[in-house]
Amino acid sequence: SLSKSLRETLRKISRSTSIDDNLINEVVREIQRALILADVDINLTIELTRKVEQRAKNEPVPKNSNPRNHLILIVYEELLNILGKPREFKAKPATIMLVGLYGQGKTTSAGKLARFYIKHGFKVVLIAADTQRVGAYEQLEQISKQVGADFFGIYGEKDSRKIVSGALSKYSNWDVKIIDTSGRNALNEDLLEEIRGIAEIAKPDEVMLILDASIGQQAGKQAEAFNKAAKITGVIITKLDGTAKGGGAISAVAKTGAPILFIGTGEHLDDLEYFNPARFLSRLLG
Amino acid sequence: LGKPIGDLDEFTDDLKISLLEADVSLATAEKLSDNLKGKLKGKRIKFGEDRDKVLKEAVKSTITDMLKIKIPNLYSMASSKSPFIILLVGMNGTGKTTTAAKLAYEFKKRDHYVVIAAADTFRAGAIDQIFIHGEKLGVKVVKHQAGSDPASVAFDAVSHASKYPRSVVIIDTAGRMQTNKNLLEEMKKIKRVSKPDFTILTVDALSGNDALNQAKMFDEAVGIDAIVVTKIDADTKGGSILSLIYELKKPVIFVGNGQTYEDLMEFDPNWYIKNIID
Ligand SMILES: Nc1nc2c(ncn2[C@@H]2O[C@H](COP(=O)(O)OP(=O)(O)OP(=O)(O)O)[C@@H](O)[C@H]2O)c(=O)[nH]1
Ligand SMILES: Nc1nc2c(ncn2[C@@H]2O[C@H](COP(=O)(O)OP(=O)(O)OP(=O)(O)O)[C@@H](O)[C@H]2O)c(=O)[nH]1
Ligand SMILES: [Mg+2]
Ligand SMILES: [Mg+2]
């Protein structure tokens, strides 16, 4: 069982009697606590703990370092490995679909992305494919006005596919089309089916998973489920201006292979930054 | 006499992992394990008893103890004065507006005159959102222009409701980060001006360890009377509920179990324990 391997890892460490080994034990525990508190997936945390302990055994502490910093650097490298090579997100013509759970920041991020593309000189249309949330049409319409993007929606239309096909035919020659979808539980097959339907029509170049930095242990499962409906090409972590560390996003990357592209750092439509793995991880490890 | 319960480490380690996987905070998971060990100290497995069953029952009773808190009955409180004023606060996207609509539905059902204050004057589409809910519910929504002072919207709603008997005011506010000093000040002002009888914090069941931070900081800033944990229907175990009640000592009065008006469930500890343990 998982706990058995965790106990074995920690007991193996504690059974050793040298001062260095006890220190390793202490630091590994400290790292484990930091990861758990940062909402990193529990299984991933256990896996990382094992890797760190293994590498600590096989790699001598560099001359200019000490055992503690050596271990922290190892876990930092392992996390960086999972996050993958940062993807240089270039602003170019694209059809983008935003997906995610309830209230994560999709509609706001749609506006932030629109502003990003407009700053780079592209024409953008925001497509209101959320047919379920009360006031969704008005929210995206107002955001479109704020950023100077075009807006397409069909008020009261319940079929999101009609909205998307309508938007694509009217705006067929536009540079950037951003499709905002309703929040959903990806473990619900019917809700997932709607994503498949929209993706089939829109054939998006980018499918971005929007994740709240405070998401807990459900992140990996949800990301995996969304990925089944439409291949996730990028992740945006929102609300990093709070106290949450965003550890859940790491499992989303691990499960989908998609890189984190941007982070949301506030409610205003300018509050979008390129993802910087080093800064993200140092904040995560506290 | 039976045999001793034996070494509990393997069991508590397994338990800790499943609690953490259920979004119980680290500190709460550790305390639970300590409380459990205390409860089982010196316990013996009687002849014919199943050790696993004994352990499982001990976990259930430990959690029951940790969930013990007086749960205010909001519906009966609302009948005690008019207008009865409820303030909703919480981090961005946690379900305040939806919960406000659900509460409006429940109070209208109970023959109260309900007034909603559209006090989120900042976010795009916020006033429209709560206004449409009001129309669907047949409930009065007091609103001002976008960008206006939220405290004055709340004040107007209370003044209006004061003219009617058995009235309930539900103040929907803008989402805010517990780290934003200006927004915390704005929230304090809304409370100062509207003088609510009950302040509710909404927390997303999908959030992890941050839920406790949010709750602590909101409570420190403005004082909360109870918590509503939303989106519990999104396949979550809702472990943060245990942490919120045990660490913060605040009651969870409702859980949001979906997006329709009827999806506001009174919090039931027994239902919750079944959910988190199985
Ligand atoms: N502080 C902060 N707030 C954010 C950020 N991104 C979004 N928000 C806020 O989070 C709340 C929810 O944002 P929405 O864009 O409506 O979320 P959504 O995913 O579209 O919600 P649904 O469509 O209902 O699933 C709003 O109050 C936003 O202003 C961010 O990076 N920082
Ligand atoms: N599944 C589910 N979704 C919910 C629940 N409560 C709220 N939601 C959804 O979560 C999203 C955000 O809800 P809102 O009520 O707009 O949240 P809010 O706190 O008012 O958001 P801001 O005002 O932007 O901070 C919407 O898509 C809601 O439908 C719930 O109990 N279950
Ligand atoms: Mg939205
Ligand atoms: Mg709201």
Side-chain angles (χ1 to χ4, degrees), chain A residues 1-4 6-7 10-11 33 36-43 45-46 101-105 107-108 111 132-146 183-188 212-219 221-222 238-239 241-245 247-248 266-267 269, chain B residues 9-18 20-23 25-27 29 91-95 97-98 101 122-133 136 146 174-180 183 203-211 213-214 217 230-231 233-237 239-240 259:
Chain A
S1 73
L2 285 165
S3 77
K4 189 155 176 287
L6 168 62
R7 270 180 306 112
L10 293 181
R11 284 193 181 161
R33 290 188 77 78
I36 295 174
L37 288 171
D39 294 314
V40 176
D41 178 89
I42 295 303
N43 298 329
T45 300
I46 292 172
L101 284 154
Y102 312 95
Q104 306 286 288
T107 306
T108 306
Q132 180 258 350
R133 171 169 156 154
V134 168
Y137 179 104
E138 289 88 340
Q139 184 184 9
L140 193 62
E141 184 180 42
Q142 289 172 26
I143 286 173
S144 309
K145 284 208 186 80
Q146 288 179 40
R184 73 198 61 228
N185 173 9
L187 302 177
N188 178 318
D212 189 321
S214 65
I215 193 167
Q217 295 293 313
Q218 291 299 314
K221 253 200 191 158
Q222 288 284 339
T238 61
K239 310 180 201 174
D241 48 305
T243 48
K245 299 291 173 71
E267 285 193 77
L269 300 173
Chain B
D9 283 351
E10 169 162 13
F11 181 77
T12 55
D13 285 347
D14 266 332
L15 178 65
K16 258 187 236 164
I17 289 189
S18 49
L20 290 171
E21 285 181 319
D23 285 317
S25 79
L26 182 57
M91 199 189 75
N92 303 77
T94 52
T97 304
T98 306
F122 166 75
R123 204 206 69 209
I127 297 172
D128 296 276
Q129 184 185 5
I130 192 66
F131 192 75
I132 295 169
H133 277 307
K136 290 171 124 206
R176 68 201 68 232
M177 277 304 171
Q178 56 272 18
T179 46
N180 187 317
L183 291 184
V203 172
D204 189 335
L206 289 156
S207 45
N209 283 275
D210 196 56
N213 283 343
Q214 289 170 36
M217 292 166 91
T230 62
K231 313 178 200 173
D233 54 297
D235 280 277
T236 70
K237 292 266 176 151
S240 61
Q259 296 171 282

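In what follows, chains carry the letters A, B, and so on, assigned in the order in which the sequence lines appear, proteins first and then strands, with residues in each chain numbered from 1. Note that the structure is predicted; figures quoted are calculated from it, not measured.
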What's the spacing between [X] [atom1] and [Y] [atom2] if we round to 0.5 Å?
X	Y	atom1	atom2	value
A:D241	B:T179	CG	OG1	5.5 Å
A:I42	B:L20	CD1	CG	4.0 Å
B:D204	A:Q104	CG	CD	6.5 Å
B:D233	A:N185	CG	CG	7.5 Å
A:N188	B:D235	CG	CG	8.5 Å
B:Q129	A:E138	CD	CD	9.5 Å

Quick one: list whatever passes salt bridge (Lys or Arg N to Asp or Glu O under 4.0 Å) with A:R133, sequence neighbours left out.
->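 Applying salt bridge (Lys or Arg N to Asp or Glu O under 4.0 Å) to A:R133 gives none.
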Need one label for [X]: side chain, backbone, both or neither, based on atoms under 4.5 Å from any heavy atom in chain A.
X	result
B:F122	side chain
B:K136	side chain
B:N180	neither
B:N92	both

(Q) Under the rule for side chain to side chain donor-acceptor pair (under 3.5 Å), what residues qualify as partners of A:Q217, not counting sequence neighbours? (A)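 Testing A:Q217 for side chain to side chain donor-acceptor pair (under 3.5 Å), a comparison that skips the adjacent residues, returns none.
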Nearest heavy-atom neighbours spanning B:G175 and A:E267
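Looking at all heavy atoms of both residues, the shortest contact is O-OE2, 3.5 Å.
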(Q) For B:K231 versus A:Y102, what's the shortest heavy-atom pair and its separation? (A)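 Residues B:K231 and A:Y102, closest heavy atoms: NZ-O, 2.9 Å.
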Without swapping roles, check the side chain of [X] against the backbone of [Y] for a donor-acceptor pair under 3.5 Å.
X	Y	result
B:D128	A:Q139	no
A:Q142	B:A124	no
A:D39	B:N209	yes

Check: A:K239 and B:D210 side chains under 4.5 Å, non-hydrogen atoms |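 Of all side-chain heavy-atom pairs linking A:K239 with B:D210, none is under 4.5 Å.
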Problem - Pairwise side-chain contact, B:E21 with A:N43, heavy-atom cut-off 4.5 Å (strictly under) - result: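 In short, these two side chains touch, coming nearer than 4.5 Å.
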Quick check for you: among A:G135, A:G266, A:A244, A:G183, which has the greatest number of heavy-atom pairs under 4.5 Å with chain B?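 Among A:G135, A:G266, A:A244, A:G183, the one with the most close pairs to chain B is A:A244.
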Practice item. Select, from A:A136, A:A213, A:A38, A:G242, the one with the greatest count of heavy-atom pairs under 4.5 Å involving chain B. Key: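 Among the listed options, the one with the most contacts to chain B is A:G242.
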I'd like to know which of [options] tops the heavy-atom pair count under 4.5 Å against chain A.
options	answer
B:I132, B:T98, B:I127, B:T236	B:I132
B:K16, B:Q214, B:K237, B:Q178	B:Q178
B:A234, B:A126, B:A205	B:A234

ask   = Which region of A:L101, side chain (C-beta onward) or backbone (N, CA, C, O), has a non-hydrogen atom less than 4.5 Å from a non-hydrogen atom of chain B, or is it both or neither?
value =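 Contact with chain B is through the side chain of A:L101 alone.
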